[in-house]
Q: 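Structure in structure tokens, see below.
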There are 2 protein chains.
Amino acid sequence: MSRNCRFTAAVHVCAVLANNPETDVTSDYVAASLNTNPVVVRRLLASLAQAGLVASKRGSGGGYRLAQAATRIDLATIATAVEDDEGPVFAPNPPNPMCPIGRNIQPVVAEAIARAEAARMAELGKVSLADVMEKLPV
Amino acid sequence: MSRNCRFTAAVHVCAVLANNPETDVTSDYVAASLNTNPVVVRRLLASLAQAGLVASKRGSGGGYRLAQAATRIDLATIATAVEDDEGPVFAPNPPNPMCPIGRNIQPVVAEAIARAEAARMAELGKVSLADVMEKLPV
DNA sequence: TCAATTCGTAACAAAATGAGTTACGAAAGG
DNA sequence: CCTTTCGTAACTCATTTTGTTACGAATTGA
């Protein structure tokens with residue numbers, strides 16, 4: 001599954017929480033909207049909680065809610081929270097060090113990828129969760 | 001393996017071809033630099049050929065060479081050639097259509113992702129294969 | 001205190017993805 | 001012809017991700 005899959009799901013989760021402000025929403029409830037398993041949702045929410053985007057409460061009556069206003073959460077923050085930030089990923093086999101190309105190409109490409117990813121994040125950062133909510137039927 | 005993996009490999013392949021201008025380079029040769037299998041390389045090169053970036057010649061003395069000058073090939077073109085352009089990917093299970101959030105969120109997020117991907121491509125487009133070659137020891 | 005609820009997380013099965021490998025036909029050159 | 005090399009299909013294997021079950025810890029309310 002692609003990178004955008006987890007990201008889209010994470011935005012969906014946040015949208016459900018934003019739609020129930022000041023309320024503790026259970027992972028079962030969110031899972032019903034996502035049409036998936038509660039544990040999958042909790043794993044997503046664990047990443048979001050670690051980034052300080054959501055707060056969780058255990059026990060009866062517990063659940064999740066946004067830890068910040070929807071206007072202050074942008075899609076770039078959500079993306080970095082749930083994506084594996086391992087930088088540019090290379091093949092399992094390292095390039096042949098005997099080859100002058102193979103020996104040196106990775107840092108060069110990695111730099112270009114880093115700039116491209118930064119541009120992608122900058123664009124995602126222009127959209128807030130509140131912007132997303134506005135485009136949904138309330 | 002991530003998206004950047006195939007992309008990095010494709011740039012590596014192009015760099016090897018650029019390093020042997022006006023020469024037909026075999027997939028075996030490229031595979032040695034990539035430290036991988038010739039068939040894997042041929043699959044990558046098939047995508048690059050379909051995009052018009054490389055030309056192939058069969059038979060004895062055959063191989064691959066760049067179909068355009070390295071100054072005219074940019075990393076965005078390479079990326080679009082080898083990446084699955086399936087737009088934003090969603091989870092295997094579609095969201096619950098009974099939920100107003102689930103029913104409507106995907107197009108909204110897809111639009112933001114499309115803009116972000118466009119920004120990423122714009123950044124990759126600023127770097128040409130010749131730029132990459134310049135940063136490698138000749 | 002006790003029971004019910006809910007998160008947190010581990011363990012494992014199932015599914016999907018991609019890489020690697022083998023194989024073989026088609027094309028091209030000598 | 002015979003060799004070389006691409007093009008591609010079929011298959012296996014490793015890796016990753018998702019889904020599922022399970023259970024302990026925390027919290028609430030009776």
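Below, chain A is the first sequence line, B the second, and so on; all start at residue 1. Fair warning: this is a prediction, and the values are worked out from it, not measured in the lab.
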Q: Any link between B/V40 and B/V82 through a network of hydrophobic side chains (Ile, Leu, Val, Met, Phe, Trp, Tyr) touching at under 4.5 Å?
A: no

Q: What integer distance in Å separates B/L34:CG from C/dG20:P?
A: 9 Å

Q: Give me the one residue out of A/V39, A/L45, A/V41 that meets side chain to side chain contact (heavy atoms under 4.5 Å, CB included) with A/R43.
A: A/V39

Q: Below 4.0 angstrom, which residues in residues 58-66 of chain A have at least one non-hydrogen atom near DNA chain D?
A: A/R58, A/G59, A/S60

Q: Given atom CG of B/L45 and atom P of D/dT5, what is their separation to the nearest angstrom?
A: 15 Å

Q: Measure NE2/A/H12 against C1'/D/dT18 and give the value in whole Å, please.
A: 17 Å

Q: With a 3.5 Å cut-off and heavy atoms only, can you find an N or O donor on one side and an acceptor on the other between the side chain of A/R43 and the base of D/dG19?
A: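 Indeed there is one.
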
Q: Give every residue pair that meets the salt bridge (charged side-chain N to carboxylate O under 4.0 Å, His left out) criterion with at least one member in residues 116-133 of chain A, sequence neighbours excluded.
A: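 Output for this query lists A/R3-A/E117, A/E83-A/R120, A/E117-A/R120, A/E117-B/R120, A/R120-B/E117, A/E123-A/K126.
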
Q: Nearest-Å distance, CZ (A/R6) to C1' (D/dG19)?
A: 14 Å

Q: Does anything in residues 35-42 of chain B reach DNA chain C, meaning a heavy atom under 4.0 Å, and if so which residues?
A: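 Hits under 4.0 Å, by residue number: B/T36, B/N37, B/V39, B/V40, B/R42.
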
Q: As an exercise, state the distance from CG of B/L66 to CG of B/L53, rounded to the nearest 0.5 Å.
A: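 One finds 8.5 Å between CG of B/L66 and CG of B/L53.
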
Q: Using a 3.5 Å distance criterion without hydrogens, assess whether the side chain of A/N20 forms a donor-acceptor pair with backbone atoms of A/T23.
A: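 It does not hold such a pair.
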
Q: C/dT5 C1' sits how many Å from A/D24 CG, rounded?
A: 13 Å

Q: Within the side chain of A/N19, is there an N or O that forms a donor-acceptor pair under 3.5 Å with the backbone of A/A15?
A: no

Q: Round to a whole Å and report the spacing from CD of B/Q50 to P of D/dC6.
A: 18 Å

Q: Has the side chain of B/N104 got a donor or acceptor atom that lies under 3.5 Å from a matching backbone atom of A/L136?
A: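 No.
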
Q: Quick one, B/Y64 and B/T26 - any side-chain contact, counting heavy atoms below 4.5 Å?
A: no

Q: Rounding to a whole Å, what distance do you find between A/K57:NZ and D/dA26:C1'?
A: 12 Å

Q: Working to the nearest 0.5 Å, report the span between OG1 of A/T71 and CE of A/M133.
A: 12.5 Å

Q: Just how far, in rounded Å, is P of C/dG20 from CG of B/L44?
A: 10 Å

